[in-house]
2 protein chains.
Amino acid sequence: MQLRNHVEWAIHCCAILAGVPEEHYLATRDLAEFHGVPKEYLSKALQALSTAGLIESTLGPGGGYRLSKPAKEITFLDIVEAVEGKASTFVCTEIRRNNPCRPKGARESKACAVARVMWEADDAWRAKLRSVRLSDLIKTLQQDVPADLLEKTGKWVTLRT
Amino acid sequence: MQLRNHVEWAIHCCAILAGVPEEHYLATRDLAEFHGVPKEYLSKALQALSTAGLIESTLGPGGGYRLSKPAKEITFLDIVEAVEGKASTFVCTEIRRNNPCRPKGARESKACAVARVMWEADDAWRAKLRSVRLSDLIKTLQQDVPADLLEKTGKWVTLRT
DNA sequence: TCAATTAAGGATATACAATATCCTTAATTG
DNA sequence: CAATTAAGGATATTGTATATCCTTAATTGA
């Protein structure tokens with residue numbers, strides 16, 4: 001079980017978009033070039049973020065994407081679910097109903113005990129992702145990334161907005 | 001991102017194997033029939049459990065599988081990792097290295113901040129799975145499943161061991 | 001007004017993993 | 001010795017991820 005590369009791309013793109021000046025936009029072409037990924041395919045990930053309301057776009061020259069709300073209000077879970085969907089990683093196919101001893105057509109009073117555990121684990125995963133905001137990532141990057149690279153990158157982005 | 005159906009099958013099979021009398025075995029055929037899943041394909045999941053050391057097998061008539069240790073010593077994580085592998089659900093492709101502002105060949109001092117968050121979430125998922133034992137599932141089933149179905153099922157299993 | 005730019009998204013191709021079946025081999029049992 | 005069984009290789013089928021290409025409509029600036 002592996003997450004799509006769109007998840008990685010989408011998070012990194014949001015981090016860059018968080019540095020785009022107010023009232024400006026950054027184009028898919030630039031995000032693709034910056035991250036070294038195919039523009040047309042990255043575009044699908046950005047469309048997913050847009051559909052989820054995390055980023056917004058405008059057309060024409062100078063157009064592109066920007067965050068549609070403050071980085072503090074965007075969680076990792078928002079981004080992951082925008083790209084991967086909200087469905088649980090565990091799908092219960094109710095194989096307990098195939099138990100040959102079970103009366104046909106019997107109603108189950110509770111969800112399958114196996115599924116409940118798997119769903120709790122899924123919830124723990126999502127809770128962790130929900131607890132980290134895009135603004136937290138930005139703070140971490142400002143500590144981790146060397147100051148000169150941070151500055152150069154900021155200028156690179158600003159030049160294209 | 002979705003777990004394989006083998007995960008569901010493997011957990012249910014372990015629950016059934018926990019009810020196999022000492023020194024007895026239950027065949028793949030019977031586990032497949034009980035759960036209503038294809039025998040040859042289920043066999044692959046059982047082989048994975050066997051390779052992981054969670055169950056053990058013997059050949060010939062009366063052969064099959066049984067748990068290789070007490071249900072108390074088998075966690076959900078053991079089963080999930082036997083089937084899905086131990087690799088993280090998030091794979092970092094280091095796209096930060098593609099930043100055009102970054103000096104070529106520069107060494108990163110820390111793992112990518114994005115990956116660290118995603119790996120923490122993966123860890124939270126695994127921690128939850130590690131905290132639930134097969135014996136806990138058995139207890140839950142004994143509470144949830146009607147007594148007569150529980151008894152019939154026990155007899156069905158015993159008859160085939 | 002017009003040409004260039006851009007996101008949105010449909011259509012399609014390719015690669016790979018999940019699902020599934022079949023068959024051979026070797027071990028074990030009675 | 002014949003029947004049974006797990007192990008596992010080979011292969012087929014389906015579905016999803018990855019990726020590209022192209023059309024459409026909106027927007028911008030000249």
Any sub-3.5 Å donor-acceptor pair from A:Glu84's side-chain atoms to B:Met1's backbone N or O?
yes
For C:dT24, give its Watson-Crick or G-U wobble partner with both distances under 3.5 Å, or none.
D:dA7
Between D:dA17 atom P and A:Glu84 atom CD, what is the distance in whole Å?
7 Å
Separation of C:dT12 P from A:Glu40 CD (nearest whole Å):
17 Å
Give the B/S/- string for nucleotides 1-7 of chain C, one per nucleotide from 5' to 3', where a protein heavy atom under 4.0 Å of the base yields B, of only the sugar-phosphate yields S, and otherwise -.
---BBBB
Within the structure provided, determine whether A:Leu54 and A:Leu134 are in side-chain contact (heavy-atom separation under 4.5 Å).
no
Under the side chain to side chain donor-acceptor pair (under 3.5 Å) test against B:Tyr25, which residue among B:Arg160, B:Glu56, B:Arg66 passes?
B:Arg66
May I have the distance from A:Tyr41 (atom OH) to D:dT16 (atom P), rounded to whole angstrom?
14 Å
Has the side chain of A:Asp78 got a donor or acceptor atom that lies under 3.5 Å from a matching backbone atom of A:Thr75?
yes
Say whether, by atom type as modelled, one donor and one acceptor occur between the side chain of A:Trp119 and the main chain of A:Phe90 under 3.5 angstrom.
yes
Does a side-chain N or O of A:Asn5 approach OP1 or OP2 of D:dT18 to a distance below 4.0 Å, or not?
yes
Mate of D:dG15 across any strand shown (Watson-Crick or G-U wobble, both atom pairs under 3.5 Å) is C:dC16
My understanding is that a pair needs two contacts under 3.5 Å, Watson-Crick or G-U wobble. By that rule, which nucleotide pairs with C:dT29?
D:dA2
Mind calculating the distance between CG (B:Leu42) and C1' (C:dT19) to the nearest angstrom?
13 Å
Given DNA chain C, 5'-ward residue of the pair A:Thr51 and B:Leu3, judged by closest heavy atom
A:Thr51
Give the rounded distance in Å between these two atoms: NE2 of B:His24 and C1' of C:dT28.
16 Å
Quick one: B:Arg4 CZ to C:dC16 P, roughly how many Å, whole number?
17 Å
Has B:Arg133 got a side-chain atom pairing as donor or acceptor with B:Lys72's backbone, closer than 3.5 angstrom?
yes
Whole-Å distance separating the OH atom of A:Tyr25 from the P atom of D:dA26:
16 Å
For B:His6 and B:Tyr41, I'd like to know if the aromatic rings sit close, meaning centre-to-centre distance below 6.0 Å.
yes
Residue matched to D:dA30 through Watson-Crick or wobble contacts both under 3.5 angstrom:
C:dT1
Euclidean distance, atom CG of residue A:Leu46 to atom C1' of D:dT18 [Å, nearest integer]
16 Å
Check every atom of C:dG9, C:dA18, D:dG8 against the side chain of A:Lys44 and return the nucleotide holding the closest atom.
C:dG9
